[in-house]
Amino acid sequence: MSRIGVVIEIRDNEIKDSNFGIITAACGDDTHDVCALIFDNSAEDHKETLEKYGVKTIIEITSDQVALNMLPDLKAIALVDAMNEFDFKTLIGLSSPTGRDLLTRTAARLNVPSVLDCIGVDFTDHTVMKSHFSGKTIAKFKLASEYFICGIRPNTHEAIERPLKAEAQIVSYSPIVHDKKGIRVRKIVKSSSKSVDLSEASTIISGGRAIKSAENFKILNECASVLGAAVGASRAAVDSGYAPHSMQVGQTGKTVSPKLYIACGISGAIQHFAGMKTSKFIVAINKDKDAQVFEKCDYGVIGDLFEVVPALTEALKTMKNEA
Amino acid sequence: MKIFVCVKYVPDTAAYVSIVDGNGFDDSVKHVVNPYDEFAIEEAIQIKERTDGEIIVVTLGKAHATAAIRFALAMGADRGIHIKVDEILVDTMTTVEALKIAIEQAGAADLVLMGKQSVDSEGMQTPYYLGEALGLHVATDVIDLVLEKDQAIVQSDLGNNEIAEIELDLPCVIGATKGLNEPRSPKLPNIIKAKKKPIEEIALEDLVPSKPVNRTSLISFEYAPERSQAILFEGDTAVVVEQLVEVFKEKALI
Ligand SMILES: Cc1cc2nc3c(=O)[nH]c(=O)nc-3n(C[C@H](O)[C@H](O)[C@H](O)COP(=O)(O)OP(=O)(O)OC[C@H]3O[C@@H](n4cnc5c(N)ncnc54)[C@H](O)[C@@H]3O)c2cc1C
Ligand SMILES: Nc1ncnc2c1ncn2[C@@H]1O[C@H](COP(=O)(O)O)[C@@H](O)[C@H]1O
């Protein structure tokens, strides 16, 4: 049974929701020994959750002297050490900014190839599928190496619970690391506290130029809070100053892959689609029946977003209250 | 300061990509400087304006990629190195090996600036591998860069409304992204001047006689599945919304 290491990302003391799909991808046909890798945190706190998704082993990687999460190079060195110690050459994780950083530093350290943002992985062939040309094509790559390291695009693999017969085993690992101080994260600042993370959200509602003002984004925010969604924007909305760049979806913004993407007052430019095309369901709300967006989404509502969105919010609220 | 900027020449994202033989594409379409690399070039120029120094642009690409170097020279870079290849797609490990040797041959770098991602291959990895190869520290997704005596202090966009402040020893490798600066458009006199700036050409085989063994190879390309015409709802808002909510329920989206 081959062992697969899965990098676990923890935020506000909880494992990120998008991480479970990655565990499911690693479980494959149940022949793998899925080994969760937790940094700077207690494995015991997350054992039950991880067991539910089929994790057999949890490796808790910590250091007495330093916080690995603040030392990107040392964290990668610690991971390379753990891969040697526990004998695994397959490593996957979320292709999130943190995941990308760790996976690529680790692969570079080992001097082996790796691929990020994969939408499909084959552990036997060491092949991956990933988007190319801003989402216009899908390329299949083979990684020629005994190692197989890749980052998987959030939400591309559905999370499936598969409880174990036996308990997950916890092992602690404290590699000897020396802080050479060459690179250090001084601090991480959150620009807004409670909003749902755009790049890993499973539902997103976005506004375009038609939103007309920053103020009007509250219409989307209200709908988003009922849906548990994150709010995104088109470049036209960002360039007009209605939304910060951190909300931009598209070629020069974020790439997202939610289950449901609702585009409100967005015309459907190729550069916008480059960032959200792999969403499972795309719904567009646009008052122009000939809008390009309707040619490439699943469901469309022809109507004024200022009427449709608030009505949708109300309908969803009613539904929730009835449930 | 000796600043290296790695610049890639990529198909315009608005261009139609047609796949050839299942594992290649027609590269006769319009090409542009990789958008993220423009932030890297602009940053180099601003640093030079403050502190003086030399900006060397390094590009690995086919013959036509010389246009990317000219563009960077017209923006304000001093000279270029063109690593010439025949194939359209070169894997990251080979690219990094070539960039590393080209940079080392041109003298010790004080700073290496790159884009965080190329918009054609969407790798997001070259800065990390190059940093490791050059023995330099790396920060990417950089939206702010301050150079101190021995250190760079950067703000790195972590995406989920989080920004990391990172300090790293100089020299280092930086992956630039939108927000770092506003790239200038080259002015006509500078475009003319750029024609006289030197570009050194080297063939990939001369720099890297044998390709790295461990690398990624492309097996196939296919078009991303396109959606067809949407199912449309129109008419009374209340009815339309009800229909939409039904779809959401049916597909288990809410
Ligand atoms: C190099 C490059 C990179 C780019 N990167 C990005 C990127 O990352 N992300 C991005 O989004 N764009 C990007 N763009 C820009 C892109 O080409 C489009 O210009 C942009 O996406 C348009 O934004 P929009 O759809 O909001 O605005 P518009 O194209 O102006 O569309 C507005 C839409 O709203 C509809 N509308 C108007 N009023 C209402 C109403 N009351 N109710 C409902 N519908 C209404 C209209 O019918 C129209 O379809 C990039 C462009 C280039 C050249
Ligand atoms: N062929 C190339 N020539 C020069 N620079 C490159 C090349 N490929 C990648 N780069 C640099 O590496 C960055 C990240 O690219 P990538 O890892 O392909 O997403 C780009 O923004 C460029 O700065």
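Letters A, B, ... mirror the listed sequences (proteins, then strands); counts begin at 1.
Contacts between A/S134 and chain B at a heavy-atom distance below 4.5 Å involve backbone atoms as well as side-chain atoms. Interface remark: B/I153 contributes side-chain atoms only to the contact with chain A (heavy atom separation under 4.5 Å). Within the 4.5 angstrom heavy-atom criterion, only side-chain atoms of A/Q271, from C-beta onward, approach chain B. In this structure, the portion of A/M129 lying under 4.5 Å from any heavy atom of chain B is its side chain and not its backbone. In this structure, the portion of A/K280 lying under 4.5 Å from any heavy atom of chain B is its backbone and not its side chain. For B/V138, the parts lying near chain A are the backbone and the side chain together; criterion is any non-hydrogen pair under 4.5 Å. Heavy atoms of A/A107 lying under 4.5 Å from chain B belong to its backbone as well as its side chain. For A/Q248, the part sitting under 4.5 Å from any heavy atom of chain B is the side chain, from C-beta outward, and nothing else. Contacts between A/T127 and chain B at a heavy-atom distance below 4.5 Å involve the side chain alone, from C-beta outward. Proximity to chain B (any heavy atom under 4.5 Å) is restricted, for A/D73, to the side chain, taken from C-beta onward. Residue B/L244 touches chain A through its side chain alone, counting heavy-atom pairs closer than 4.5 Å. Neither the backbone nor the side chain of A/K287 comes within contact range of chain B; no heavy atom of the residue lies under 4.5 Å from a heavy atom of that chain. Interface residue A/M319: only side-chain heavy atoms are found under 4.5 Å from chain B. For B/Y16, no part sits under 4.5 Å from any heavy atom of chain A, backbone or side chain. Both the backbone and the side chain of A/A139 come within less than 4.5 Å of a heavy atom in chain B. Only the side chain of A/I270 comes within contact range of chain B, with at least one heavy atom under 4.5 Å from a heavy atom of that chain. No part of A/V293 comes within reach of chain B, as not one of its non-hydrogen atoms sits under 4.5 angstrom from that chain. Proximity to chain A (any heavy atom under 4.5 Å) is shown, for B/T13, by both the backbone and the side chain. Only the backbone of B/D12 comes within less than 4.5 Å of a heavy atom of chain A; no side-chain atom from C-beta onward does. With a threshold of 4.5 angstrom between heavy atoms, B/L170 does not approach chain A through any atom at all. If you measure heavy-atom distances from B/V119 to chain A, the contacts under 4.5 Å come from both the backbone and the side chain. Using a 4.5 Å cut-off between heavy atoms, A/H132 contacts chain B through both its backbone and its side chain. For a residue to count as touching a neighbouring chain, one of its non-hydrogen atoms must lie under 4.5 Å from one of that chain's; by this rule B/A238 does not touch chain A. With a 4.5 angstrom heavy-atom cutoff, B/E162 touches chain A via backbone and side-chain atoms both. Contact of B/I19 with chain A is made through the side chain alone, with heavy-atom distances under 4.5 Å. For B/M93, the part lying under 4.5 angstrom from a heavy atom of chain A is the side chain only.
If you tally non-hydrogen atom pairs under 4.5 Å between each of A/G135, A/S199, A/S114 and chain B, the highest count goes to A/S114. Looking only at heavy-atom pairs under 4.5 Å with chain B, the residue among A/R100, A/M70, A/H126 that has the most is A/R100. For chain B, the option among A/L198, A/T98, A/N111 with the highest count of heavy-atom pairs below 4.5 Å is A/N111. Counting heavy-atom pairs under 4.5 Å between each of A/T203, A/I282, A/D117 and chain B puts A/I282 at the top. Contacts with chain B were tallied for A/V189, A/D304, A/L103; A/V189 has the most, counting heavy-atom pairs under 4.5 Å. Ranked by heavy-atom pairs shorter than 4.5 Å toward chain B, the options A/V115, A/T278, A/V128, A/L316 are led by A/V115.
Rounding to the nearest 0.5 Å places CZ of A/R105 at 12.5 Å from CD of B/Q125. Rounding to the nearest 0.5 Å places CD1 of B/I166 at 8.0 Å from CD1 of A/I188. In this structure, CD on B/E122 lies 10.5 Å from OG on A/S95, to the nearest 0.5 angstrom.
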As a quick check of understanding, evaluate side-chain contact (heavy atoms from CB on, under 4.5 Å) for A/K254 and B/D157, giving each step before the final call.
CA-CA 11 Å; A/K254 306 245 142 67; B/D157 183 1; 4.3 Å; yes

side-chain contact (heavy atoms from CB on, under 4.5 Å) between B/I254 and A/L227, worked out
CA-CA 7 Å; B/I254 47 176; A/L227 280 168; 3.3 Å; yes

Please walk me through it: do A/V308 and B/V241 pass side-chain contact (heavy atoms from CB on, under 4.5 Å)?
CA-CA 7 Å; A/V308 178; B/V241 164; 4.2 Å; yes

B/F248 vs A/V283, side-chain contact (heavy atoms from CB on, under 4.5 Å): CA-CA, chis, key distance, verdict:
CA-CA 10 Å; B/F248 288 172; A/V283 174; 3.9 Å; yes

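Ring-plane geometry between A/Y299 and B/F233 is classed as parallel, the angle between the planes falling under 30 degrees on a 0 to 90 degree scale with a further cut at 60.
Summarising the geometry of A/L116 relative to B/G123, their closest heavy-atom pair is CD1-O, 3.8 Å, with the distance given to 0.1 Å. Nearest heavy atom pair, residue B/A230 against residue A/G300, reads CB-N, 4.0 Å. Of all the heavy atoms in B/Y36 and A/Q251, the pair that sits closest is OH-O, 3.1 Å. Here the closest non-hydrogen pair linking B/T237 and A/E307 is OG1-OE1, 3.3 Å. Here the closest heavy-atom approach between residue A/P113 and residue B/N214 is recorded as CD-CB, 3.6 Å. Nearest heavy-atom pair across B/A164 and A/V185 is CB-CG1, 4.1 Å.
When each of A/K296, A/K136, A/K277 is checked for a side-chain hydrogen bond (donor to acceptor under 3.5 Å, both in side chains) with B/E226, only A/K277 meets the rule.
The backbone N or O of A/V112 lies less than 3.5 Å from a partner atom in the side chain of B/Y129, making a donor-acceptor pair.
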